[in-house]
Amino acid sequence: MQRVVRILRAYWMTIGALFALGALVGLGWSALQPRVYTADASGYVATVSSDGSTGSALAGDQLALSKVKSFVDMGYWRSVAEAARESLGVEDSPESLVQRVRVSNPVETVNVRVDATGSTPESARDLAEAWIRGMTTQVDELETGGSGQGAVRLIAGDSARLPTSPSSPNVKVDVAVGAIAGGVLGVVFALVRRTFDRRVRTVEDITAAVGASVVGVLPIDKELANGRAVFSFTDTHDGRGSFAHKEAVRELRTNLQYVDVDHPPRVIVVTSPLPGDGKSTTAANLAVSIAATGQSVILIDADLRRPVMGGVFGFSDDVGLSDVLASRAQIEQVAHQVDDHGRLFVVAAGRTPPNPTEMVGSQRMQALARKLAEDMVVIVDSPPTLAVADAAVIGSWADGVVLVVTAGRTTDDMLTRAVDNLSKTRGRLLGIVLNRAPLRGPDSSYYGARYGGAYGYSEPDADTRKGAKRTRGRDRRPSSVMGAPGATGPRRRSGTASDDARVGASGEVRRSRG
């Protein structure tokens, strides 16, 4: 029942639209139907008492009650219809007139009631009156046998009242039926669509599809809607990024640290099923978050086909990992220090080689990553696993893989294929990250935003956000990652000898005095 309610909440706009549409259809259908008016006339079944005594009166009442049932059936005789037809002077057939009439006997009475319909109030009234008169004539003929006076007779009542409004169509009923039908159709549509909708939206959808653990749920952030951004994890009121997103990244960092307490992963690959799932942004913010704890981190852009890390941190992607693997440069020449504390380094992808898969799966790449992992955590941003084989190849020798999927975009078959691709190369899946999860609504999987305000970590005020926007307008580089607001760029430039940060041949990152 909770799942059904969640589905109905997710499709409430569709259900409401179909509800309103059904009501409009009912209203339109009523407007197109011909107007039908109904008038009624009644007659009284009476007996003729011979002596006027009480006993005779009681016997007469019993006789009238027994006769009135027969008179109701008589009301549909052809002879009655013929009499009404002659009285009205119409050319309608007796059969069509019978279809317009209903004869009944109210319960526990000796009355005969005739309800007649017509296209106008006058035609309905006239038909009801003519019909009751025809029944009166027919009863007299049957009871008297054509002579004398019978013991029972039908006495016509007053003239039928002229109906003031049509009896059909009933606009209220039609609108109500149309609205209910539209609402039911909307509910059925929602249930069927969600049943056949293969997109993962919640943590439960992921665990049901692959059985893997979800190590992080990253909520939607407005600053990430139009592109990539890297946030600060030391200043909670810097005006950049929502508290919910930052706290979710911290939770992801913590979960990865406790995946294997005895052998924590040192080389972590971040990938996704398809492009656009936010793997690069997740990898960058995860690296910044780990560096905020005091650990040394190096972020390597191993997406040699579509590199983005240089643009994210504000330097060129032209020189980087591919140059190191091709022996055109040393790692200390391409590692960029992007913070003021010497704990976060970024290596761009470099020029695109003709054989990216072979290059990232080479022994030289493995040796480089292992050497760097002796002194720091290595985060590797790899290409999507369903697009190319690079991620699976890197995952075969890395300590673990983090798979980033998008809520409402990634389907369960994409997720299954991505996990299968990693398992075929014996890659270790550390967990799955559900990205862009809604903060509110039936598909919300992140709960931290509800409690952040209680600890003083609510969203920054408007003045703080305005100041942050002005800062971003002057410097497009993520200054919140580089440290102080006055930082002007990365501390490391490729190919210079007087850089602030160097990575030695042994893989150890050290500060240069020059």
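All values below come from the heavy atoms of this structure, side chains included, with hydrogens, waters and symmetry mates left out.
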Could you tell me whether the side chain of Lys246 reaches within less than 4.5 Å of the side chain of Ser289, counting heavy atoms only?
no
Using a strict 4.0 Å threshold on nitrogen-to-oxygen distance, state whether Arg370 and Asp399 make a salt bridge.
yes
Non-hydrogen atoms of Gly395 and Val401 that approach each other most closely
CA-CG2, 3.7 Å
Indicate yes or no: at least one non-hydrogen side-chain atom of Thr411 is less than 4.5 angstrom from one of Arg199.
yes
In residues 382-393, what donor-acceptor pairs under 3.5 Å come from side-chain atoms, sequence neighbours left out?
| unit_1 | atom_1 | unit_2 | atom_2 | d |
| --- | --- | --- | --- | --- |
| Ser382 | OG | Val270 | O | 3.3 |
| Asp390 | OD1 | Arg305 | NH1 | 3.0 |
| Asp390 | OD1 | Thr357 | OG1 | 2.6 |
| Asp390 | OD2 | Arg305 | NH1 | 2.4 |

Note, Ile394 side chain near Thr271 side chain (heavy atom, < 4.5 Å):
no
Ring-plane angle category for His336 and Phe315, please: parallel below 30°, perpendicular beyond 60°, tilted otherwise.
parallel
Asn285 side chain vs Arg250 backbone, donor-acceptor pair below 3.5 Å
no
Gap separating the CG atom of Asn421 from the OG1 atom of Thr416, nearest 0.5 angstrom
11.0 Å
Do side-chain atoms of Arg343 reach the backbone of Thr293 as a donor and acceptor pair under 3.5 angstrom?
no
More than 12 heavy atoms of other residues, nucleotides or ligands under 6.0 Å from OH of Tyr37: yes or no?
yes
Distance, nearest 0.5 Å, that separates CE of Met309 from CG of Leu321
12.5 Å
Out of curiosity, Met414 CE to Leu274 CG, how far, rounded to the nearest 0.5 Å?
5.0 Å
For Arg417, does the CZ atom have more than 12 heavy-atom neighbours from other residues, nucleotides or ligands under 6.0 Å away?
no
For Arg266, is the CZ atom crowded, meaning more than 12 foreign heavy atoms sit under 6.0 Å from it?
yes
Results of side chain to side chain contact (heavy atoms under 4.5 Å, CB included) for Gln257 - residues two or more places apart only
Arg253, Gln295
Rounded to the nearest 0.5 Å, what's the gap from OG1 on Thr282 to CG on Leu218? Could you check?
5.0 Å
Asp339 and Gln337 have their tightest heavy-atom pair at O-NE2, 2.6 Å
With sequence neighbours left out, the residues meeting side chain to side chain contact (heavy atoms under 4.5 Å, CB included) with Ala212 are Val210, Leu429, Ile432
Which donor-acceptor pairs under 3.5 Å do the side chains of residues 163-171 make with protein atoms, sequence neighbours left out?
| unit_1 | atom_1 | unit_2 | atom_2 | d |
| --- | --- | --- | --- | --- |
| Ser167 | OG | Val36 | O | 3.2 |
| Ser167 | OG | Thr38 | OG1 | 2.6 |
| Asn170 | OD1 | Lys172 | N | 3.3 |
| Asn170 | OD1 | Val173 | N | 3.3 |

Contacts of type side chain to side chain contact (heavy atoms under 4.5 Å, CB included), residue Gln366, not counting sequence neighbours:
Gln363, Trp397
May I ask you to decide whether Lys279 forms a salt bridge with Asp381, counting only side-chain N to carboxylate O separations under 4.0 Å?
yes
Quick one, Pro353 and Glu358 - any side-chain contact, counting heavy atoms below 4.5 Å?
no
What distance separates Arg428 CZ from Ser396 OG, expressed to the nearest 0.5 Å?
14.5 Å
Are there more than 12 heavy atoms of other residues, nucleotides or ligands under 6.0 Å from atom CZ of Arg306?
no
Could you tell me if the side chain of Ile15 sits less than 4.5 Å from the side chain of Leu8, heavy atoms only?
yes
Looking just at side-chain N and O atoms, do Asp205 and Thr202 make a donor-acceptor pair shorter than 3.5 Å?
yes
Quick check against the 3.5 Å criterion: does Asp301 have a side-chain atom that pairs as donor or acceptor with the backbone of Pro307?
no
For the residue pair Pro265 and Leu430, establish whether any side-chain heavy-atom pair is separated by less than 4.5 Å.
yes
Closest approach of Leu344 to Ala291 (non-hydrogen atoms, all atoms of both residues):
CB-CB, 4.0 Å
At their closest point, which heavy atom of Thr281 faces which heavy atom of Ala229, and how far apart are they?
CG2-O, 3.6 Å
Could you pull out every donor-acceptor pair under 3.5 Å between side chains of residues 402-409 and any protein atom, sequence neighbours left out?
| unit_1 | atom_1 | unit_2 | atom_2 | d |
| --- | --- | --- | --- | --- |
| Thr406 | OG1 | Asp277 | OD1 | 2.7 |
| Arg409 | NH1 | Pro275 | O | 3.4 |
| Arg409 | NH1 | Asp277 | OD1 | 2.5 |
| Arg409 | NH2 | Pro275 | O | 2.9 |

Would you say Asp303's side chain and Ala349's backbone share a donor-acceptor pair under 3.5 angstrom?
no
How far does CG of Asp197 sit from OH of Tyr11, to the nearest 0.5 angstrom?
5.0 Å
Ignoring hydrogens, what is the shortest heavy-atom contact between Ser104 and Asp115? Give both atom names and the distance.
OG-OD2, 4.5 Å
